[in-house]
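Contents: one structure, followed by commentary.
As the structure is a computational prediction, the values presented were derived from the model and not from experiment. Heavy-atom basis, side chains included; hydrogens, waters and symmetry copies ignored. Order of appearance sets the numbers: ligands from 1, and atoms from 1 within every ligand. Residues take their numbers from the sequence shown, with the count starting at 1.
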Amino acid sequence: MVGSNFHAHTVRCGHATGTEREYIEQAIAKGFKVCGFSDHTPQPFANGFVSRIRMGMEEFDGYVKTLRSLKAEYEDRIEVRIGLEAEYYPSCFEKLLEETEKRGIEYLILGQHFVPEEETGFYAGSVTYSEDDLILYVEHTIEALETGKFLYLAHPDLIHFLGDEDIYLKHMERLCAYAKERDILLEVNGLGLLINRWYPGIPFFKLASSMGCSFVFGCDAHDPTQIRQPEDIPGMTEFLAETGVSFINL
Ligand SMILES: [Zn+2]
Ligand SMILES: [Zn+2]
């Protein structure tokens, strides 16, 4: 059992369901002490680009206001934290930080869904056999973490590389080495396991664990019922045994 979950979404992203209150009630029922919201951040795209996976900038204040009020209401029962899941897009990262700081956002987790930019880059979760894509993902993720602005790295193995496993591990080893050296926490993504995505993958986490990396559990809930303890996710016990991963409590 873990005490905290920092990875949960709200309906504003357009692909999640349930009310914020339902997520919080579920977190209490499941024994969490901390219920962190990290909806897909609005990104201050320069050219009017509209993303399909996140709230618009005009919804940002409502997000913070709703969560502030629930944070106060629930403070005796659970600690509600107000964060965001963000990509590092160099063209608008400074502007994003201005927007988050001005609203008192408490933490960011890194979920690098597109590389290197959303308008022009590739979706990291699309199947690829390209070693160049893999290299770009690893280098861009390291560059993102180098900003020092992220609490942890969400679904570190989001890149869906299906080429040679030795090539995969050779490049992902650099990401693990960086994480180890800089004390970057790597997330084991509960949703990925729950709905049978390609991540969290055994080869990656075996490697990361053998290199001495540290791990945190994240529900990545897009539905209140996805707020659950690791042991309530089918296959998690076996995953942890096989990879040698154990969770730290944030
Ligand atoms: Zn999402
Ligand atoms: Zn997420």
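Annotation: protein N, O or S atoms under 2.8 Å of the Zn ion (ligand 1) (waters excluded) comprise His15 NE2, His40 NE2, His222 NE2.
Under the 4.5 Å side-chain criterion, counting only non-hydrogen atoms from C-beta, Tyr89 is in contact with Gln112.
Applying the side chain to side chain contact (heavy atoms under 4.5 Å, CB included) criterion to Glu101, with sequence neighbours excluded, gives Leu97, Lys149. Under the side chain to side chain donor-acceptor pair (under 3.5 Å) criterion, Glu99 pairs with Lys95, Lys102, Arg103, not counting sequence neighbours. Among residues two or more places apart in sequence or in another chain, the side chain to side chain contact (heavy atoms under 4.5 Å, CB included) test is passed with Glu165 by Leu169, Pro203.
Nearest heavy-atom pair, Asn189 versus Pro200, reported as atom, atom and distance to 0.1 Å: O-CD, 3.4 Å.
Less than 6.0 angstrom separates the ring centroid of Tyr107 from the ring centroid of Phe6.
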